[in-house]
Amino acid sequence: MKTEIYLFNSLTRQKEKFFPVAEGRVGIYVCGPTVYNHSHIGHGKSYVSFDAIVRFFRFVGYKVLYVQNITDVGHLTDNADQGDDKIEKEAKRDKINPMEIVETFMRSYFEDMDRLGVIRPDISPRATGHIVEQIELTKKLIKRGYAYEAGGNVYFNVSKFPEYGRLSGKRVEDLVAGARIDVRSDKKNPADFALWKKAEAGHIMRWPSPWGDGFPGWHLECSTMSMKYLGESFDIHGGGLDNQFPHHECEIAQSEAATGRPFVKYWLHNNMVTVNGTKMSKSLGNFVTLKDAFKKFDPITVRFFVLQSHYRSPLDYSDDAVEGAGKGLDRLKNVMRELLDLAGDKRGEVDFASLPEEPINLRRYYNEWLAAMADDFNTPGAIAAIFEMLKDINTSIGSGNAMTSEFAALTYSFIDVLAGDVLGILPTDDNRSAGKSIESDLVNLFIGLRSDARKGRDFKLADSIRSELQSMGVILEDKKDGTTTFKIVR
RNA sequence: GGCGACGUACCCAAGUGGUAAGGGAGAGGUCUGCAAAACCUUUAUGCGGCGGUUCGAAUCCGCCCGUCGCCUCCA
């Protein structure tokens, strides 16, 4: 029997119990980036959030198929009808092929996500690789009477789809009333949106179609690719709140009009990132790329910072806030190192069905963690449960009646699953196996020299060794039993 | 103008009817040659303001103030 998961469905604006379309499986599609620039901290929040959600579904036993697109064509800088393709704009400026821009920033994106500990999606389909399918979907919509061609453009006729506006809570009348005057006259209704766009002379990224050379409209790729890999009706569609309208609204219209079936069961939207209280924008100069952030902070610290707030809450990025998160995370790492020392060579197998309650009540902390995660992926709550446990563990270790190596090993593995495997906030293998390297032998050599100096009460020399090591990023810690351990920071 | 969120201590942030999680920072203490780490104590009679419903509200309702987002490309 699986854990019951509740999630906030944007479509109904309330928390709902999760029932998969197919027993034991979860199909999830998340809107990916348009690769024309380096990813910023907002992408970080979005994809870290969904990464944690996917990891949690897998943890409770679902077989997850996670699809996230790469948009490598089609978005315009201005509005739906004017302006340049963002990718082409960059390409023209640098006088290179648009696909070079795409490759450069797609690699940059995956590199940043890897560093954030984001597990790669199972499928990362690209829009340009699915032009044929997009044309097919457009043809189908025309055939079914939901779309019309006008001068090489194809538009979706919003008036044919009464449900339009349900997701975003908008009404077509309001949209039309408040809309800017549409300069183009070939639309039947200003709210209609493009499925296929005619390529003007000089437009580089173009494909032949029944309506002449052109390129797909903005929303079409997500409908096409999500249904291709997940089926016409699937479980979860995620994305940033800023995409709720018009993007997701249009996806629903296109998809349901084409298939006559419900498109997505649960819509999940993550909230936005602000920097020092205001939205990121290039004009304000407060645009923080992930690569910028990683210069100041460990990527896992950035991840931890993101997960310390709820995915549906806005997140305000500031150096102070991330720094504070990093110090908190150090506590977790310290405890893990202590447990590893106590565990020695032993490794614990975690049986979540029968967790011990003594000397540390692992069962209780697990239940708290699980309840938080199952309640709309409340990662801050889950982290709080882990930190309560840390205090408990520290007290136990410090009390003298040290826990057995078996229990330390079990506890280590236990935290490794909750914080490491699911939340992804523990450093991965390389950092944790300090092991027997020439580096650690050398540090131990200095520890020995310092120990001799201390025995001779030459504290000046002892402190000098310690501070020299510290300046190299090696922190020494004298234990009660007279031994000295070290940790390497940064 | 329309739609929608949010406002919890010095900072970050959970909590959606039963009497304020967690992290950072600060203060005092234990331990230590000194540090570091850790632990203990402490820091919101109050959750933007004013009313209302209730035995009881941060949590529900109304009004006001403030911030943010969407309505146009955006995670």
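Lettering of chains follows the sequences in order, A, B, ..., and the numbering in each one begins at 1. Hydrogens, waters and symmetry mates play no part in the numbers below; they use all other heavy atoms, side chains included. Note that the structure is a prediction, hence the values are computed from the model and not measured.
Using a 4.0 Å heavy-atom criterion, one finds that A/F459 contacts the bases of the nucleic acid, with or without backbone contacts as well. When heavy atoms are screened at a 4.0 angstrom cut-off, A/L476 is found touching base atoms of the nucleic acid. Residue A/H269 is classed as having no contact, given no heavy-atom separation below 4.0 Å to the nucleic acid. Using a 4.0 Å heavy-atom criterion, one finds that A/N243 contacts the sugar-phosphate atoms exclusively. Within the 4.0 angstrom heavy-atom criterion, base atoms lie near A/G42. If you check every strand for non-hydrogen atoms under 4.0 Å, A/S49 touches nothing. Among the atoms of the strands shown, none is found under 4.0 Å from any heavy atom of A/R337. Residue-level contact check: A/G238 touches neither bases nor backbone, having no heavy atom under 4.0 Å from any strand. At the heavy-atom level, A/N378 lies under 4.0 Å from the strands shown only through sugar-phosphate atoms. Among the atoms of the strands shown, only primed sugar atoms or phosphate atoms (P, OP1, OP2) are found under 4.0 Å from some heavy atom of A/N394.
A sub-4.0 Å separation between OP1 or OP2 of B/C39 and a side-chain N or O of A/R331 is present. For B/A14, the OP1/OP2 oxygens have a side-chain nitrogen or oxygen of A/S313 closer than 4.0 Å.
At most 12 non-hydrogen atoms from other residues, nucleotides or ligands lie less than 6.0 angstrom from CZ of A/R457.
A distance of about 14 Å separates the C1' atoms of B/A58 and B/C6, rounded to the whole Å. Comparing the P positions of B/G29 and B/G48 gives a spacing of 36 Å, expressed to the nearest Å. To the nearest whole angstrom, the two C1' atoms, one in B/A25 and one in B/A13, are 14 Å apart. Between the P atoms of B/C10 and B/A44, the separation comes to 9 Å (whole Å). Comparing the P positions of B/C31 and B/G22 gives an interatomic distance of 26 Å, to the nearest angstrom. When the P atom is compared between B/C47 and B/C60, the two are found 15 Å apart, to the nearest whole Å. Spacing of P atoms, B/U59 relative to B/G15, comes out at 15 Å, to the nearest Å. Comparing the P positions of B/G2 and B/C64 gives an interatomic distance of 13 Å, to the nearest angstrom.
Of the residues A/H219, A/E251, A/K170, the one that meets the side chain to side chain contact (heavy atoms under 4.5 Å, CB included) test with A/P246 is A/H219.
What separates NZ of A/K327 from P of B/A25 is a distance of 5 Å, to the nearest Å. A/R303 has its CZ atom 19 Å from the P atom of B/A75, to the nearest Å. A/N37 has its CG atom 18 Å from the P atom of B/C73, to the nearest Å. Atoms NZ (A/K15) and P (B/A14) sit 12 Å apart, rounded to a whole Å. In this structure, CG of A/L423 is placed 18 Å from P of B/G22, rounded to the nearest angstrom. What separates CZ of A/R364 from C1' of B/A21 is a distance of 11 Å, to the nearest Å. If you measure from atom CZ of A/R454 to atom C1' of B/A36, you get 11 Å, rounded to the nearest angstrom. Atom pair A/K479:NZ and B/A38:C1' shows a separation of 8 Å (rounding to whole Å applied).
Side-chain atoms of A/Y47 lie closest to B/A75 of the nucleotides B/C34, B/A37, B/A75. Considering only the side chain of A/T395, B/C39 comes nearest among B/C71, B/G33, B/C39. Of the candidates B/A5, B/A75, B/C12, B/A5 carries the atom nearest the A/N271 side chain, counting heavy atoms from C-beta on. The A/E477 side chain lies nearest to B/A37 when the options are B/A37, B/C39, B/C70. Candidate nucleotides B/A75, B/A37, B/C34 were compared by shortest atom distance to the side chain of A/D478, and B/C34 ranks first. Between B/G22, B/A36, B/A75, one nucleotide has an atom nearer to the side chain of A/V273 than all others, and that is B/A75. Across B/G15, B/A38, B/G69, the shortest atom-to-atom separation from the side chain of A/M272 is found for B/G69. Closest to the side chain of A/F245, from the set B/C12, B/A35, B/C70, is B/C70. Considering only the side chain of A/F387, B/G23 comes nearest among B/C34, B/G2, B/G23. For A/R450, whose side chain is taken as the heavy atoms from C-beta onward, the closest listed nucleotide among B/G33, B/A75, B/C70 is B/G33.
When both distances must be under 3.5 Å, the Watson-Crick or G-U wobble mate of B/A36 does not exist.
Considering only heavy atoms from C-beta on, A/R303 comes within 4.5 Å of A/D51 through its side chain.
The distance from the CD atom of A/Q134 to the CD1 atom of A/I131 is 5.0 Å, given to the nearest 0.5 Å. Of the inter-residue distances, the one linking A/H237 atom NE2 with A/F263 atom CZ reads 6.0 Å to the nearest 0.5 angstrom.
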Q. Between A/Y164 and A/F156, is a ring pair (Phe, Tyr, Trp, His ring centres under 6.0 Å) present by the stated rule, with each step listed?
A. CA-CA 11 Å; A/Y164 191 81; A/F156 186 92; 7.3 Å; no

Q: Please report the C-alpha distance between A/Y229 and A/D122 in whole Å, then the side-chain angles of each, then the deciding distance to 0.1 Å, and finally whether the side chain to side chain donor-acceptor pair (under 3.5 Å) criterion is met.
A: CA-CA 10 Å; A/Y229 298 108; A/D122 299 303; over 6 Å; no

